[in-house]
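Just so we're on the same page: letters track the sequence lines, and every chain starts at 1. These figures come from a predicted structure and were not determined experimentally.
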Amino acid sequence: MEIASWNVNSIKARLDHVKNWLEKRGPDILLLQELKGVDFPTETFRALGYESVAVTQKAYNGVAIVSRFPVKSVSQSLDGLGVDTHARFLEVIIKDLRVVNIYLPNGNPIGTEKFEYKLDWMDRLRVQMERWLTSEIATVVGGDFNVIPEDIDCHKPASWIGDALFQPEPRERYRGLLELGYIDAFRSLHPSEKGQFTFWDYFRQAFEHNRGIRIDHFLLSPGLSSRLKSCVIDKIPRRLPKPSDHTPIVLTLD
DNA sequence: ATGTCAGAGGCACTCTGA
């Protein structure tokens, strides 16, 4: 079972990239983030052999799951006080797995209500993830977490010091999810590999210099550890003309 | 502060978010 995650920074602008990549890599499931529009090209994916579920909003955010296997929709928003008006969460059941796609709030700039929203969102995510641990179904939470977990996950910590993605509060919350027992699939298989990133700024040839950050993650419930086969970052789409600023991460489970 | 890209509104170009 191959599950991929890709923040595409507009599905409309990136549809050819996504189609070509699906045809080439052929994962069973693809989690998409930052669709940036209300129209989702369901028919395009159906023609490629994938069914899809999407939660969208005008101009911003938006997440979708496309799958070769039947998808049973469970929830389109994170539980908690108040209604989340942002399209950032999608929980489905595919085969024997709970598959959760998240686009965690960016939170910049720090010291604003945007940063508070990010922390609140992470607290609510934690509550859900604790709940899932008590269920019989194994859980994969994937997507754009907008968190740089450790110093090793960025090219130069000093240049991210004032950024919401690198603040102690979100990083502590991310570590808290690991303390619950969830496994960071990529880091567990590559414990000390440096320079492994999923996002590079469009500015100043960041990709060419590998000045990036690792913010797209797969967290696995503990029972999946024995099924974890590989987790790799596919940098090829980031080299194409007009790329997303993120590149896909691909998880393989037995 | 800068750098680049995408969408929205509305038809030139600024604004927002990332």
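Take Tyr182(A) and apply the ring pair (Phe, Tyr, Trp, His ring centres under 6.0 Å) test, not counting sequence neighbours, and it matches no residue. Partners of Glu130(A) according to the salt bridge (charged side-chain N to carboxylate O under 4.0 Å, His left out) rule, which considers only residues two or more places apart in sequence or in another chain, are Arg126(A).
Look at Asp234(A) and Arg25(A) and you find a salt bridge, because one of the NZ, NE, NH1 or NH2 atoms lies within 4.0 Å of a carboxylate O, short of that distance.
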Pair Asp79(A)-Arg124(A), salt bridge (charged side-chain N to carboxylate O under 4.0 Å, His left out): steps then yes or no: CA-CA 7 Å; Asp79(A) 282 349; Arg124(A) 288 155 60 202; over 6 Å; no

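Both tests do not hold together for Arg214(A) against Phe199(A): distance to the six-membered ring centre under 6.0 Å, angle to the ring axis within 45°.
Computed from coordinates, the Leu104(A) CG to dA18(B) P distance equals 12 Å when rounded to whole Å. In this structure, CD of Glu34(A) is placed 9 Å from C1' of dA6(B), rounded to the nearest angstrom. Put simply, OH on Tyr202(A) is 18 Å from P on dG17(B), counting in whole angstrom units. Distance NZ (Lys12(A)) to P (dC5(B)): 18 Å, rounded to an integer number of Å. Across the protein-nucleic acid pair, Trp200(A) atom CH2 and dT4(B) atom P stand 19 Å apart, rounded to whole Å. Going from atom CG of Asn7(A) over to atom C1' of dC5(B) covers 12 Å, rounded to whole Å. We find that CZ of Phe199(A) is positioned 11 Å from C1' of dC5(B), with the value rounded to whole Å. As rounded to whole Å, 14 Å separates atom P of dC15(B) from atom OH of Tyr60(A).
Under 4.0 angstrom from either OP1 or OP2 of dA6(B) there lies at least one side-chain N or O belonging to Arg14(A). Within the structure, a side-chain polar atom (N or O) of Lys242(A) is placed less than 4.0 Å from OP1 or OP2 of dA6(B). In this structure, Lys58(A) reaches the dG9(B) phosphate: one of its side-chain N or O atoms is under 4.0 Å from OP1 or OP2.
Both Ser10(A) and Asn106(A) sit near DNA chain B, but only Ser10(A) has its closest nucleotide nearer the 5' end. Where Asp245(A) and Gln57(A) meet DNA chain B, the nucleotide closest to each residue was compared, and Gln57(A) sits on the side nearer the 5' end.
Annotation: dT16(B) and dA1(B) have their P atoms spaced 16 Å apart (nearest Å). Rounded to whole Å, the P atom of dC5(B) lies 26 Å from the corresponding atom of dG10(B). Across dG7(B) and dA12(B), the matching C1' atoms stand 16 Å from one another, rounded to whole Å. Nucleotides dC11(B) and dA6(B), compared at atom P, are 23 Å apart to the nearest Å.
Across dA6(B), dT16(B), dA18(B), the shortest atom-to-atom separation from the side chain of Ala13(A) is found for dA6(B). Which of dA18(B), dA8(B), dA6(B) sits closest to the side chain of Lys36(A) comes down to dA6(B).
Across all strands shown, Tyr103(A) has heavy atoms under 4.0 Å from sugar-phosphate atoms exclusively, and none from any base. Within the nucleic acid shown, Arg211(A) has no heavy atom closer than 4.0 Å to any nucleic acid atom.
Using a 3.5 Å distance cut-off with no hydrogens or angles, the side chains of Thr139(A) and Ser221(A) do not pair a donor with an acceptor.
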